[in-house]
Protein chains: 2
Amino acid sequence: MNIGEAARRSGLPAKTLRYYEDIGLIVPSGRKHNGYRDYSDRDVRLLRFVQRARSLGFSVRQCRELLDLYLDHGRTSADVKRIALERIAEIERKIRELETMKAELAHLAEKCHGDERPDCPILEDLAAFDPAAAEERELV
Amino acid sequence: MNIGEAARRSGLPAKTLRYYEDIGLIVPSGRKHNGYRDYSDRDVRLLRFVQRARSLGFSVRQCRELLDLYLDHGRTSADVKRIALERIAEIERKIRELETMKAELAHLAEKCHGDERPDCPILEDLAAFDPAAAEERELV
DNA sequence: CCTTGACCTTCCGGTAACTGGAAGCTCCAC
DNA sequence: GTGGAGCTTCCAGTTACCGGAAGGTCAAGG
């Protein structure tokens with residue numbers, strides 16, 4: 001099938017399919033006489049696999065690993081689980097980071113009147129930032 | 001002062017200071033006779049301001065807005081607060097997205113034995129992904 | 001038979017916010 | 001005067017694509 005149909009069936013833009021071919025992630029089975037890419041049903045299954053993995057936040061590199069495991073019948077589920085747990089840990093780190101930012105911002109926003117006057121605790125906080133002190137807090 | 005000293009005092013790499021000059025975010029007050037960048041204490045204060053704002057996850061574009069407000073004594077705190085609240089909303093969106101990913105992954109990882117056998121619910125989930133059905137779920 | 005429009009091709013540039021590195025100049029201490 | 005640290009500019013690479021230009025292909029309709 002043509003790239004457009006493969007795009008529709010996989011839920012990915014045609015541009016992305018070309019990109020995945022470029023980087024060697026998923027290369028269509030062949031080309032038609034006219035030079036058009038020819039995707040097989042299997043190709044579409046792999047594309048969907050990657051689409052789902054990407055939607056869970058796996059990087060393209062990780063998708064490649066997962067795809068390799070998927071296609072390797074000698075894999076162990078332990079290998080797959082390890083990647084998933086790493087991804088979970090990564091997500092948790094990111095969430096903690098965002099929660100910290102949110103708490104600091106919320107604290108500042110709360111103190112800000114948000115009126116027509118120029119005085120603003122948010123700007124004052126930004127302006128008072130001392131990297132040396134911040135580093136010490138991090139070391140504690 | 002030289003770029004190295006300004007970097008130390010602001011907590012940013014020298015490379016970043018050059019980058020900020022390139023994009024016109026913070027341009028050092030002048031140059032010395034030898035062509036070296038010359039940062040003033042005020043420049044360092046602005047660099048710290050940006051460093052702190054970046055650490056709260058503001059984009060460089062948003063940093064520019066905040067910096068403009070900081071330097072505009074005719075600003076209103078309402079403008080600043082609006083930017084902060086937008087950033088908070090953005091953070092909350094991102095956290096929700098990550099929480100969803102984490103929940104799905106955790107669910108899959110839990111079902112996976114993680115042993116030496118190849119059978120793996122994680123890979124099965126990825127392989128069974130149906131973009132049409134996923135889209136319908138989204139529309140609900 | 002020709003045209004029109006949808007679809008396909010490749011290639012190039014841009015995104016955000018830097019980071020790394022090469023080639024070359026400057027300054028200071030020994 | 002020599003060595004090393006620090007400075008300069010410029011170019012390329014990172015991630016995962018997206019937008020667009022220039023041009024080939026195909027099927028349907030007049």
Side-chain angles (χ1 to χ4, degrees), chain A residues 1-40 43-44 46-47 49-67 87 90-91 94 97-98 101, chain B residues 1-40 43-44 46-47 49-67 87 90-91 94 97-98 101:
Chain A
M1 79 195 74
N2 283 352
I3 196 169
E5 182 63 19
R8 232 163 291 125
R9 293 200 201 173
S10 64
L12 291 165
K15 274 275 186 192
T16 299
L17 268 55
R18 294 197 191 95
Y19 173 66
Y20 285 168
E21 177 178 3
D22 269 3
I23 62 172
L25 181 62
I26 293 172
V27 178
S29 321
R31 293 274 177 149
K32 300 226 194 77
H33 67 288
N34 54 13
Y36 286 16
R37 287 168 182 80
D38 193 6
Y39 287 88
S40 67
D43 294 334
V44 171
L46 300 186
L47 286 167
F49 182 100
V50 168
Q51 139 82 332
R52 170 70 174 147
R54 293 283 300 129
S55 79
L56 289 172
F58 287 103
S59 69
V60 166
R61 173 186 295 271
Q62 287 170 322
C63 287
R64 207 185 291 260
E65 282 183 57
L66 288 167
L67 210 47
R87 174 69 193 137
E90 204 177 306
I91 290 174
K94 189 73 192 163
E97 192 188 333
L98 289 169
M101 288 180 186
Chain B
M1 78 196 77
N2 283 353
I3 195 169
E5 182 62 20
R8 231 163 292 124
R9 293 200 201 172
S10 64
L12 291 165
K15 274 275 187 192
T16 298
L17 268 55
R18 295 198 190 93
Y19 172 66
Y20 285 168
E21 177 178 2
D22 270 2
I23 62 172
L25 180 62
I26 294 172
V27 178
S29 321
R31 293 273 179 150
K32 300 224 194 77
H33 67 287
N34 55 13
Y36 286 17
R37 287 169 182 79
D38 193 6
Y39 288 86
S40 68
D43 294 334
V44 170
L46 299 185
L47 287 168
F49 182 100
V50 168
Q51 138 84 332
R52 170 69 174 147
R54 293 283 299 130
S55 80
L56 289 172
F58 288 103
S59 69
V60 166
R61 173 186 295 272
Q62 287 169 322
C63 287
R64 208 185 292 259
E65 282 184 57
L66 289 168
L67 210 46
R87 174 69 193 136
E90 204 177 307
I91 290 174
K94 189 72 192 164
E97 191 188 332
L98 289 170
M101 287 180 187

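All chains are named by letter (A, B, ...) in the order of the sequence lines, taking the proteins before the strands, and each is independently numbered beginning at 1.
- Between the P atom of C:dA16 and the CZ atom of B:Arg61 lies a distance of 7 Å, rounded to the nearest Å.
- Within 4.0 Å of B:Ile23, counting heavy atoms only, lies no atom of the nucleic acid at all.
- Of the two residues near DNA chain C, B:His33 and B:Val60, the one whose nearest nucleotide lies more 5' is B:Val60.
- A:Arg8 and A:Glu5 are joined by a salt bridge, as a carboxylate oxygen and a charged side-chain nitrogen come within less than 4.0 angstrom of each other.
- A distance of 5.5 Å separates CG in B:Leu67 from CD1 in B:Ile26, rounded to the nearest 0.5 Å.
- Taking only side-chain nitrogens and oxygens, B:Ser59 never comes nearer than 4.0 Å to OP1 or OP2 of C:dA16.
- Summarising the geometry, the separation between CD on B:Glu21 and C1' on C:dA17 is reported as 16 Å, rounded to the nearest angstrom.
- For the pair A:Asp38 CG and C:dC8 P, the computed distance is 12 Å after rounding to whole Å.
- Computed from coordinates, the B:Leu17 CG to C:dG20 P distance equals 15 Å when rounded to whole Å.
- Note: CG (B:Asn2) to P (C:dC27) measures 10 Å, nearest angstrom.
- Interatomic distance, CD of A:Gln51 versus OH of A:Tyr20, reported as 8.0 Å (0.5 Å rounding).
- Each of A:Lys15 and A:Leu12 lies near DNA chain D, and the nucleotide nearest A:Leu12 is the one positioned closer to the 5' end.
- Of the side-chain N and O atoms in A:Arg37, one or more sit less than 4.0 angstrom from OP1 or OP2 of C:dT10.
- Taking the 5' to 3' direction, DNA chain D first and last meets chain A under 4.0 angstrom from a heavy atom at D:dA16 to D:dC26.
- Between the CZ atom of A:Arg9 and the CE atom of A:Met1 there is a distance of 4.0 Å, given to the nearest 0.5 Å.
- Atom CD1 of A:Ile91 is separated from atom CG of A:Leu98 by 11.5 Å, given to the nearest 0.5 angstrom.
- At whole-Å resolution of the value, CE in B:Met1 and P in C:dC27 are 18 Å apart.
- Nucleic acid contact class of A:Arg18 (heavy atoms, under 4.0 Å, all strands): base.
- Note that CD of B:Gln62 and CG of B:Leu56 are 11.0 Å apart. Values are rounded to the nearest 0.5 Å.
- If you measure from atom CD of A:Glu5 to atom C1' of C:dC7, you get 13 Å, rounded to the nearest angstrom.
- At least one side-chain nitrogen or oxygen of A:Arg31 sits closer than 4.0 Å to the OP1 or OP2 atom of C:dT10.
- Rounded to whole angstrom, the span from the CD1 atom of B:Ile3 across to the P atom of C:dC27 amounts to 16 Å.
- Salt bridge annotation for B:Arg87-B:Glu65: absent, with no cationic side-chain nitrogen under 4.0 angstrom from a carboxylate oxygen.
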